[in-house]
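What follows is a single structure, written as structure tokens, with notes after it.
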There are 2 protein chains.
Amino acid sequence: MSDTVFKAIADKSRRKILSLLKEHGSLTAGEISEYFTFSKASLSEHLKILRHADLVYSRRRGQFIHYRLNTTIFEDLLTWVLELKK
Amino acid sequence: MSDTVFKAIADKSRRKILSLLKEHGSLTAGEISEYFTFSKASLSEHLKILRHADLVYSRRRGQFIHYRLNTTIFEDLLTWVLELKK
DNA sequence: CAGATATTTAGTCATTAAACTAAACATCTA
DNA sequence: TAGATGTTTAGTTTAATGACTAAATATCTG
């Protein structure tokens, strides 16, 4: 399990982004930013961290960039937790 | 799910401590320190963070303090992961 | 193409986190 | 009780993180 993933989910705002994406399926950076008070530049930074951890995909559709969860990494995270719990 | 837990598992050394405890059942701070190169003071700091996150118990037996995993929190972590994955 | 909108990059600053050494505290044994 | 061993606390330093503003880049529309 990569350190990058644990660092990515260590931040409360990023976890909130994940749950927003879970709830809505897909959101643009602009839509996500409506749920937060910090700047769009800061949000972009958070999204970059989530992207690098492979926790989200992004795909540009015209002017907008759509984000969605990449659930494959959660599989690994699940394995890590179960390994310690069992 | 508390932020404290996510912060606690964000550190690679602390995750290694958790897996050592999983593997050995129970270890003293001194025994744990043999697996690391950093100072015992630093280890003590890491153990404090794990204790505050309720990821480990500690119990003094004479001169030694024994650490072991507290698996109840992993249950919550599991729920968090499943919630995003499902 | 020019202007508008969406998003990211660059550069800076304040806060937090992780490491260290030295000292303190707890318990055991002679 | 004194000295040895095990562990934590205090105080400091350095590195990493998260925030900001300003500027750059990408795409759409008139």
Side-chain angles (χ1 to χ4, degrees), chain A residues 1-21 24-70 73 77, chain B residues 1-21 24-70 73 77:
Chain A
M1 238 342 250
S2 113
D3 197 54
T4 316
V5 173
F6 287 103
K7 296 285 187 205
I9 63 172
D11 183 86
K12 194 179 287 213
S13 299
R14 288 194 291 267
R15 291 197 302 279
K16 183 170 169 184
I17 292 171
L18 294 177
S19 85
L20 287 169
L21 290 176
H24 294 90
S26 167
L27 291 169
T28 66
E31 288 167 333
I32 295 171
S33 81
E34 288 169 28
Y35 293 90
F36 296 97
T37 54
F38 50 60
S39 71
K40 301 204 170 184
S42 294
L43 173 62
S44 181
E45 196 56 43
H46 284 307
L47 290 172
K48 191 205 285 189
I49 290 168
L50 291 172
R51 250 187 288 117
H52 286 167
D54 270 335
L55 287 163
V56 305
Y57 300 106
S58 67
R59 193 162 63 175
R60 181 179 282 276
R61 215 160 20 191
Q63 217 168 347
F64 299 89
I65 296 181
H66 294 258
Y67 283 88
R68 57 171 55 250
L69 281 187
N70 177 3
I73 297 292
L77 202 47
Chain B
M1 235 347 246
S2 114
D3 197 53
T4 315
V5 173
F6 287 103
K7 297 285 187 204
I9 63 172
D11 183 88
K12 193 180 288 215
S13 300
R14 290 195 289 269
R15 292 197 302 279
K16 184 170 169 185
I17 293 170
L18 294 177
S19 84
L20 287 169
L21 290 176
H24 295 90
S26 167
L27 290 169
T28 66
E31 288 170 334
I32 295 171
S33 80
E34 289 169 27
Y35 294 89
F36 296 97
T37 55
F38 51 59
S39 72
K40 299 202 171 186
S42 294
L43 173 62
S44 181
E45 196 55 44
H46 284 307
L47 289 172
K48 192 205 283 187
I49 290 169
L50 291 172
R51 251 187 287 119
H52 287 166
D54 270 334
L55 287 163
V56 306
Y57 299 108
S58 66
R59 193 162 64 174
R60 182 180 280 276
R61 213 157 25 186
Q63 215 170 348
F64 299 87
I65 297 179
H66 295 258
Y67 284 88
R68 59 171 54 249
L69 280 188
N70 177 3
I73 297 292
L77 204 45

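Lettering follows sequence order; numbering is per chain, from 1.
Within residues 30-39 of chain B, the residues that have a heavy atom under 4.0 Å from DNA chain D are, in order of number, B/Gly30. Residues of residues 53-68 of chain A having a heavy atom closer than 4.0 Å to DNA chain C, listed by number: A/Gln63, A/Phe64, A/Ile65, A/Tyr67. Using a 4.0 Å cutoff on non-hydrogen atoms, the parts of residues 40-48 of chain A near DNA chain D are A/Ala41, A/Ser42, A/His46, ordered by number. The stretch residues 2-20 of chain A has no heavy atom under 4.0 angstrom from DNA chain C at all.
Under the rule for a side-chain contact (heavy atoms from CB on, under 4.5 Å), A/Ser44 has no partner lying at least two apart in sequence or in another chain. When the side chain to side chain donor-acceptor pair (under 3.5 Å) test is applied to A/Ser13, no partner is found at least two apart in sequence or on another chain. Applying the side chain to side chain donor-acceptor pair (under 3.5 Å) rule to A/Ser26 yields no partners; only residues at least two apart in sequence or on another chain are considered.
Residue B/Thr28 places at least one side-chain N or O under 4.0 Å from the OP1 or OP2 atom of D/dT7.
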Only pairs under 3.5 Å count here: list side-chain donor-acceptor contacts from residues 45-66 of chain B, not counting sequence neighbours, and write none if there are none.
unit_1, atom_1, unit_2, atom_2, d
B/His46, ND1, B/Arg14, NH1, 3.0
B/Arg60, NH1, B/Gly62, O, 3.2
B/Arg60, NH1, B/Gln63, O, 3.4

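Cation-pi geometry between B/Lys16 and B/Tyr35 is not met at under 6.0 angstrom from the ring centre and within 45 degrees of the axis.
Here the shortest heavy-atom pairing between A/Ser33 and A/Lys40 reads OG-CE, 3.5 Å. Taking both residues in full, the closest heavy atoms of B/Phe6 and B/Leu77 are given as CE2-CD1, 3.8 Å, listed atom of the first, atom of the second, then distance.
Judged as a salt bridge (Lys or Arg N to Asp or Glu O under 4.0 Å), the pairs with a partner in residues 1-12 of chain B (not counting sequence neighbours) are, in order, A/Arg15-B/Asp3.
First and last contacts of DNA chain C with chain A, using any nucleotide atom under 4.0 Å from a protein heavy atom and ordered 5' to 3', fall at C/dT5 to C/dT9.
Separating the CG atom in A/Leu27 from the CG atom in A/Leu69 is a distance of 9.5 Å, to the nearest 0.5 Å.
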